[in-house]
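Here is the structure we will look at, set down as structure tokens.
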Amino acid sequence: MSKLYDLIPSQDTMFLMQKYTLHKQIIQIPTAFMVDIDVDFNTLLKALNIEIQRNDSLRLRFKKDGKKIQQYFLDSYKIDSVKILSFKSEDEQNAFFTKDAQKPVKFLKDECYRFYFFNSYNGYKGIYLNASHMVMDAMGILVCYLDLLSIYRALKDGKEFPAPLCKYEDYIIKEHERCGNAERFEKDRQFYDDYFRSAGEPSYCGVHGPEFLEKERIRKKNPDLKVPSAYNPLLDKADVIVKKIDPAVSRKILEFCKSRSVAPESLMLLAMRTHLSALNGRDPYGFQLLMCSKRIRRTDMKTGGCMAQPIQVRTVINEDMTFSEALDEFLSVRTSLYKHLTYPYIAARDQFREMYNYSMIQGPAALMFSWLPIPVTEFKDFKFDFKTFNLGRYFSPLYAICYPDPQSESVVLHYMYRVKLITPEHLEALHNNTVKVIEMGIENPDITIGELLDSLK
């Protein structure tokens, strides 16, 4: 056993989710990566074992001592075999992987991930990985898939392996050093104190409209209540709806973001919060969670593991602001938050909760958003597909995962939602109005937010 390390803030955040559910699967990420070329699964297994040695997050293990969880890295580890599956239909394939997605990955019992190789119903060859969020975030999974595929091709073609990955262990060591900087911690704490106080207490603006908040006001006998108890550890059954944006519109979105140097998540969040505002009395105070990969250094992009944690995006968008000005406001807020990424999400969350006297299950964020920058130009000589699967449970009301799909050339949105709060009709309206706001804003950046809200009636 190597040196024991305490969890870093990103891992603490992922483990915190279990406090809001009785279901352990919510801290895992089930995904599949498929290619339209023939794959020798024996060679792929060899590549996987080489990847395990190159990517130390695949050798990360955990132990629990009382209430404390610590982690360590195995010096070596080898998988003797990976089960190979074959599917005759899309329904059969999705049913199998959805069932596995909802089976807990027991990271405290040395099962930090599960791999399957498979022959897809459509002729593609695939790798399925269900990984604990404690060892990988979504970007860490993409690092793993792309490096594994590069190793496989090097083995098949008799070429040199790609450049080595960076060590996640080094990131853990540096993250603990950053968190131990008391002066920096105090500056971050003061930033968040000012940030949370600047516009006063926000209101909960759900995709289901104001009814949930109104019921809470009646139940609590408090007509001024702004934030309900939205995180329920019992009523957390979740489902997933997948929506695709038309390829032509998707190209406009990506080209607009590139030409304006705009992060796609800022554009998507602005459009979504415009719909939420329209539903909730045209509230100008938006509060959403943005899952940030924290991979801001060049070395981070070549490192596996879990670095991600949410950032709390608080924006004040007045109706006389133009679409362009509102987007600039999002960029300004996002840039400010990125300057304080060393501050743990749990510390910021507790600071906010204490400021407004929230219980542990209260929170103003009715939506969490994540953008996965699938590298559509990484491999040009074959097609590939990427999918995520339904966990069946989730702690927050709504989590929208968005990425560019190289197969359909569409921007895809996976809406994972709590079925006790949200209906498919709610998500249909959210999706349609999100696309509508984006199209109108790209076509006319000087259109006002008020005019966009009027168009959503």
Side-chain angles (χ1 to χ4, degrees), residues 1-17 27-31 33 47-64 68-79 105-115 127 129-151 161-181 291-310 341-346 370 372-373 375 378:
M1 181 188 297
S2 68
K3 181 180 177 181
L4 286 171
Y5 298 99
D6 290 337
L7 300 182
I8 60 174
S10 296
Q11 295 168 316
D12 280 327
T13 299
M14 301 311 165
F15 190 66
L16 177 71
M17 295 183 191
I27 60 167
Q28 59 201 47
I29 313 177
T31 61
F33 191 92
L48 177 56
N49 279 314
I50 293 170
E51 175 67 12
I52 290 171
Q53 287 306 120
R54 287 167 55 93
N55 186 344
D56 62 349
S57 68
L58 292 169
R59 290 182 279 108
L60 186 60
R61 299 295 184 266
F62 300 85
K63 62 176 293 186
K64 191 172 184 180
K68 187 174 184 179
I69 297 175
Q70 290 185 299
Q71 57 190 321
Y72 60 96
F73 291 87
L74 298 174
D75 292 331
S76 63
Y77 180 71
K78 182 180 180 181
I79 295 178
V105 174
K106 299 176 182 179
F107 76 95
L108 286 173
K109 295 184 178 180
D110 288 344
E111 184 196 39
C112 292
Y113 47 81
R114 291 192 289 269
F115 276 102
I127 308 164
L129 168 60
N130 190 353
S132 169
H133 224 318
M134 302 293 284
V135 297
M136 291 186 195
D137 54 27
M139 282 300 298
I141 285 172
L142 289 177
V143 168
C144 177
Y145 278 139
L146 296 176
D147 194 56
L148 172 57
L149 188 55
S150 295
I151 293 168
F161 289 161
L165 295 178
C166 299
K167 293 174 64 177
Y168 184 51
E169 184 172 12
D170 290 342
Y171 178 84
I172 288 175
I173 293 169
K174 290 177 182 177
E175 188 75 344
H176 280 306
E177 290 174 355
R178 287 188 284 263
C179 292
N181 185 330
M291 185 60 78
C292 172
S293 75
K294 290 186 67 176
R295 283 175 165 80
I296 57 177
R297 304 168 188 86
R298 184 174 297 179
T299 55
D300 297 340
M301 300 304 294
K302 295 286 292 179
T303 307
C306 177
M307 302 183 191
Q309 64 178 21
L341 284 179
T342 56
Y343 198 57
Y345 165 74
I346 293 177
S370 182
L372 301 182
E378 184 82 16

* To do: State, with a plain yes or no, whether a side-chain heavy atom of P310 is found less than 4.5 Å away from one of M291.
  => yes

* Test item: Q28 side-chain N/O and V105 main-chain N/O as donor-acceptor pair under 3.5 Å -> yes

* How many angstroms lie between OG1 in T299 and NZ in K167, if you round to the nearest 0.5 Å? -> 13.5 Å

* How long is the span from the CD1 atom in I141 to the CG atom in L148, to the nearest 0.5 Å? -> 13.0 Å

* Are the side chains of L149 and Y145 in touch, meaning some heavy atoms are under 4.5 Å apart? -> no

* Asked: Is there a side-chain contact between N49 and I79 (heavy atoms, below 4.5 Å)?
  -> yes

* Nearest heavy atoms of I8 and C306, plus distance in Å -> CD1-O, 3.7 Å

* Asked: Are any of the side-chain heavy atoms of C112 and M136 separated by less than 4.5 Å?
  -> no

* Could you tell me which non-hydrogen atom of N55 sits nearest to which non-hydrogen atom of S57, and how far apart they are? => OD1-OG, 2.7 Å

* To do: Would you name the heavy atoms of Y113 and A131 that are closest together and state the gap between them?
  => CB-CA, 3.9 Å

* Report the distance from atom CD1 of I127 to atom CG of L129, rounding to the nearest 0.5 Å. => 9.0 Å

* **Donor-acceptor contact below 3.5 Å, side chain Q53 vs main chain Y77** => yes

* Taking C-beta and beyond as the side chain, do M307 and R295 meet within less than 4.5 Å on heavy atoms? -> yes

* By salt bridge (charged side-chain N to carboxylate O under 4.0 Å, His left out) - contacts of K68 (at least two apart) -> D6

* Under 3.5 Å donor-acceptor, K294 side chain and Q309 backbone -> no

* Minimum side-chain heavy-atom gap L60-E169 below 4.5 Å -> no

* Which residues pass the side-chain contact (heavy atoms from CB on, under 4.5 Å) test with K302, sequence neighbours left out? -> L165, C166

* Would you say the side chain of L7 lies within less than 4.5 Å of the side chain of F62, judging by non-hydrogen atoms? -> yes

* Asked: CD/E177 to OG1/T342 distance, rounded to the nearest 0.5 angstrom?
  -> 13.0 Å

* Give me the ring orientation class for Y171 and Y168: parallel if the planes are under 30° apart, tilted from 30 to 60°, perpendicular past 60°. => parallel

* Is the side chain of S10 donor-acceptor paired with the backbone N or O of A308 at a distance under 3.5 Å, no angle test? -> yes

* Asked: Can you tell me how far the CD1 atom of I50 sits from the CZ atom of F161, to the nearest 0.5 Å?
  -> 3.5 Å

* **Pairs satisfying salt bridge (Lys or Arg N to Asp or Glu O under 4.0 Å), at least one member in residues 49-61, at least two apart** => R54-D147

* Look up atom CG in L16 and atom OH in Y345, then write down how far apart they are to the nearest 0.5 Å. => 7.0 Å

* Min side-chain heavy-atom separation Y5-Q11 under 4.5 Å -> no

